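Only heavy atoms go into these numbers, but all of them, side chains included; no hydrogens, no water, no symmetry mates. If you read the sequence from its start, that first residue is 1, and numbering goes on from there. Treat the numbers as computed from the prediction; the structure is a model and nothing was measured.
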Amino acid sequence: MLNADRTALLLFDFLEGHVERDAATRSRYSPVIAAAARLLHAARSRGMMVAHACASHRPDNATSAHTLRDMDFGGRRRDPAEAPTFRPAVAGGDGSRIVAALAPQPEDYLIPKYRWSAFFQTYLDLALRTRGVDTLILCGGSTEIGIASTAYAARDLDYNLVLARDACTSPSTATHEHLMDHVFPRLAWVRRTEEILRLLGE
């Protein structure tokens, strides 16, 4: 069982700009958002801490990472001479809004983030420790980017971690499944929403 007083739900980058990119992305996110909404309802009904980690970048992309890489964020190989195509979620822009089904309440914690991890140079760790939280339920996307980065950071900070398998998503099903089957179980419990709800006593 999970102790609701010591557990927080962290919803990662459920932003309109990420979800509404195209019809295929909307379709992929639809069951994921539905699963996350069930977790959110359970968390709120138990008075758990709820946090939303949200990409928050400058419109000119000046504070975003511009590191060397072989692929773009969709997994497409890119020419090293090619200009970056990264379009960040701009702070205050239309694409930075959290999807309506998971809309934050006044008591929720909004965590602006500037890199993949929800912990890197944000106040998330401080907020969790102030609330006496030692366990995180993590959901969102993309599995291999922000979810993975946040999961490793949580582990290095000694948090217990529960990954909501069906409430996370990736453009690559194979990558998502590999991480959930072979990587994340080494640092977390990997459970489906139904199982997490049972752990919360529902």
Side-chain angles (χ1 to χ4, degrees), residues 4 7-59 61 63-65 73-74 86-128 130-131 133 136-151 153-154 161-171 176 193 196-197 200:
T7 302
L9 175 64
L10 177 57
L11 301 117
F12 190 98
D13 265 357
F14 280 110
L15 306 180
E16 290 181 0
H18 294 171
V19 174
E20 302 292 337
R21 194 168 301 163
D22 52 47
T25 304
R26 284 194 297 275
S27 176
R28 171 166 59 85
Y29 263 97
S30 180
V32 173
I33 292 172
R38 294 185 68 195
L39 293 171
L40 180 58
H41 175 76
R44 289 201 172 124
S45 69
R46 286 158 178 76
M48 287 168 50
M49 176 180 171
V50 173
H52 303 261
C54 307
S56 181
H57 299 284
R58 284 172 53 94
N61 213 2
T63 56
S64 303
F73 292 107
F86 175 55
R87 297 179 184 87
V90 174
D94 291 344
S96 68
R97 285 193 297 260
I98 295 167
V99 295
L102 305 173
Q105 298 296 315
E107 65 271 19
D108 294 353
Y109 291 73
L110 297 178
I111 313 293
K113 65 182 185 64
Y114 313 97
R115 292 295 183 269
W116 289 354
S117 171
F119 285 99
F120 183 73
Q121 295 188 2
T122 73
Y123 73 90
L124 177 59
D125 181 53
L126 179 66
L128 294 169
T130 301
R131 289 279 297 252
V133 169
L136 281 178
I137 300 169
L138 177 59
C139 59
S142 291
T143 306
E144 72 275 25
I145 299 178
I147 295 296
S149 182
T150 300
L161 185 61
V162 181
L163 278 156
R165 182 183 191 124
D166 55 340
C168 294
T169 184
S170 165
H176 172 86
T193 295
I196 296 173
L197 294 176
L200 288 170

Could you pull out the closest heavy-atom pair between [X] and [Y], with the gap in Å?
| X | Y | value |
| --- | --- | --- |
| A118 | T150 | N-OG1, 2.9 Å |
| R46 | L200 | NE-O, 2.9 Å |
| A167 | L39 | CB-CD1, 4.2 Å |
| L197 | A42 | CD2-CB, 3.5 Å |

message = The criterion is salt bridge (charged side-chain N to carboxylate O under 4.0 Å, His left out); which residues satisfy it with R131, sequence neighbours excluded?
response = none
Determine whether [X] and [Y] make a side-chain contact, defined as any pair of heavy atoms from C-beta on separated by less than 4.5 Å.
| X | Y | answer |
| --- | --- | --- |
| V162 | L136 | no |
| L15 | V99 | no |
| C54 | P112 | no |
| I147 | D13 | no |

key: All side chain to side chain contact (heavy atoms under 4.5 Å, CB included) counterparts of F120, not counting sequence neighbours   = R115, S117
A43: side chain to side chain contact (heavy atoms under 4.5 Å, CB included) partners, not counting sequence neighbours =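 A43 satisfies side chain to side chain contact (heavy atoms under 4.5 Å, CB included) with L9, M48, V50 once adjacent residues are dropped.
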[X]: side chain to side chain donor-acceptor pair (under 3.5 Å) partners, not counting sequence neighbours:
| X | result |
| --- | --- |
| T7 | none |
| T143 | H176 |
| Y114 | none |
| T193 | D166 |

For the atom pair [atom1] ([X]) and [atom2] ([Y]), what is the distance rounded to the nearest 0.5 Å?
| X | Y | atom1 | atom2 | value |
| --- | --- | --- | --- | --- |
| S149 | E144 | OG | CD | 12.0 Å |
| S56 | I111 | OG | CD1 | 11.5 Å |
| C168 | L138 | SG | CG | 5.5 Å |
| L10 | L128 | CG | CG | 8.0 Å |

Donor-acceptor pairs under 3.5 angstrom involving side-chain atoms of residues 101-108: please list them, not counting sequence neighbours.
{"residue": "D108", "atom": "OD2", "partner": "R44", "partner atom": "NH2", "Å": "2.4"}
{"residue": "D108", "atom": "OD2", "partner": "H52", "partner atom": "NE2", "Å": "3.0"}
{"residue": "D108", "atom": "OD2", "partner": "Q105", "partner atom": "N", "Å": "3.0"}

Compile the donor-acceptor pairs under 3.5 Å between side chains in residues 24-34 and protein atoms, sequence neighbours left out, one pair per line.
{"residue": "T25", "atom": "OG1", "partner": "D22", "partner atom": "OD1", "Å": "2.8"}
{"residue": "R28", "atom": "NH1", "partner": "T169", "partner atom": "OG1", "Å": "2.8"}

note = Applying ring-ring contact (aromatic ring centres under 6.0 Å, His included) to F119 and not counting sequence neighbours gives Y159
Reference residue I98; test side chain to side chain contact (heavy atoms under 4.5 Å, CB included); the match among V19, L110, L11 =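 By the side chain to side chain contact (heavy atoms under 4.5 Å, CB included) criterion, I98 pairs with just one of V19, L110, L11: L110.
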